[in-house]
Amino acid sequence: MNVTELEDWNSLTPQEQERLKDIYNVDADGNLPETITQTMAQESPEKPKDGGSDV
Amino acid sequence: MSDTPLHPQDLIARGKWTDYRQEIWGDSFNWSWVRPWSQLQGILIHHSVTKHEATPDDIALLHKARGWAGVGYHFIIDKAGVVYYVGDISLARAHVANKNEKFLGICMIGDFTKHLPSDEQIKSAHDLCKFFFFQTPSLPTLKSWDQLQGHKDQQATACPGTSWPNDMRNRIVNRIPYTSEPTPVPPTPQPPSEDWEQKYNDLKAEYDDYKTRFNQQTQDHAVEAAVNKLNNRIDTAQKP
């Protein structure tokens, strides 16, 4: 996944963008490592339709 | 607004706790949604897939770029083992898709497919989890180390890294850092010190006493010898 595909990439300042690329080891083409892309796919804030269940 | 103050004493005593909810970017008190405590069923460990030196603010950059309203985790543990409280625990946040309400999310900074967590991260992860499992009666559904899982235990991901669960989980549960701490060496017992000055003074006094008595005896013998000699001379003089 390229960083420019991040939904709010342009909300970051240029300094923040460079910092993110450095910290997340983004390659020269702007691609995030596969491991982070995979993890990101398993993290989302959507609320379950039923509101979630108790233990 | 959800505001759940926490006071994990072990972490506070080690200087490894900071409530960072006000400081970190985004909404730590209202996003994503409030869920009842009864829905909590465990704690999930994540890694950040960043450089080990990253900060919680760096993690927030990605979540901001993803269009979220706040940091997805409840806690972030940096390389030094400092635990940052970044998302109120009454909120589901965003760290495990479709199951956010069921788990508290702890993110340990680093990429644990490339390196290991630091010793301080292991210890702080233990202290934080122990706090929730055994020291928070207000969270009765969290009560056992069995409820500690890694992100990969719930979904298809490498998170939190290669050594989970085989080694990392055991180290967190039992608080075993990678570097064994040196066993304290007891000090070598020292022999009781002699009072040499007192000993010298005692011996000198004894010597002086002997010397006095010897001198006295010597004098006595000399006097006796002189007396005897005198008596002999007197006897000789008196013989016809």
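Proteins get letters first, then strands, A, B, ... in listed order; numbering begins at 1 in each. All heavy atoms count here, side chains included; hydrogens, waters and symmetry mates do not.
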Can you tell whether the side chains of B:K51 and A:D22 come within less than 4.0 Å, N to carboxylate O?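 Salt bridge flag = yes for A:D22 with B:K51.
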Give a yes or no on whether a salt bridge exists between B:D58 and A:R19, defined as a side-chain N under 4.0 angstrom from a carboxylate O.
yes
*asked:* Keeping B:R66 on the side-chain end and A:S44 on the backbone end, is there a donor-acceptor pair under 3.5 Å?
replied: no
key: Pairwise side-chain contact, A:I36 with B:T50, heavy-atom cut-off 4.5 Å (strictly under)   =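 Contact flag for A:I36/B:T50 side chains = no.
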Can you measure from [atom1] ([X]) to [atom2] ([Y]) and round to the nearest 0.5 angstrom?
X     : Y      : atom1 : atom2 : value
A:L6  : B:K64  : CG    : NZ    : 13.0 Å
A:D8  : B:L62  : CG    : CG    : 11.5 Å
A:I23 : B:D111 : CD1   : CG    : 12.0 Å
A:T13 : B:L61  : OG1   : CG    : 8.0 Å

Quiz item: Which atom pair, heavy atoms only, marks the closest approach of A:P45 to B:W68?
Solution: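 It is CD-NE1, 3.6 Å.
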Whatever's closer than 4.5 Å to a heavy atom in chain A on B:R93 counts as backbone
Applying a strict 4.5 Å limit to non-hydrogen atoms, the region of B:A54 in contact with chain A is both
Against chain A, residues from residues 150-166 of chain B with at least one heavy atom under 4.5 Å, in numeric order, are B:H151, B:Q155, B:A156, B:T157, B:A158, B:C159
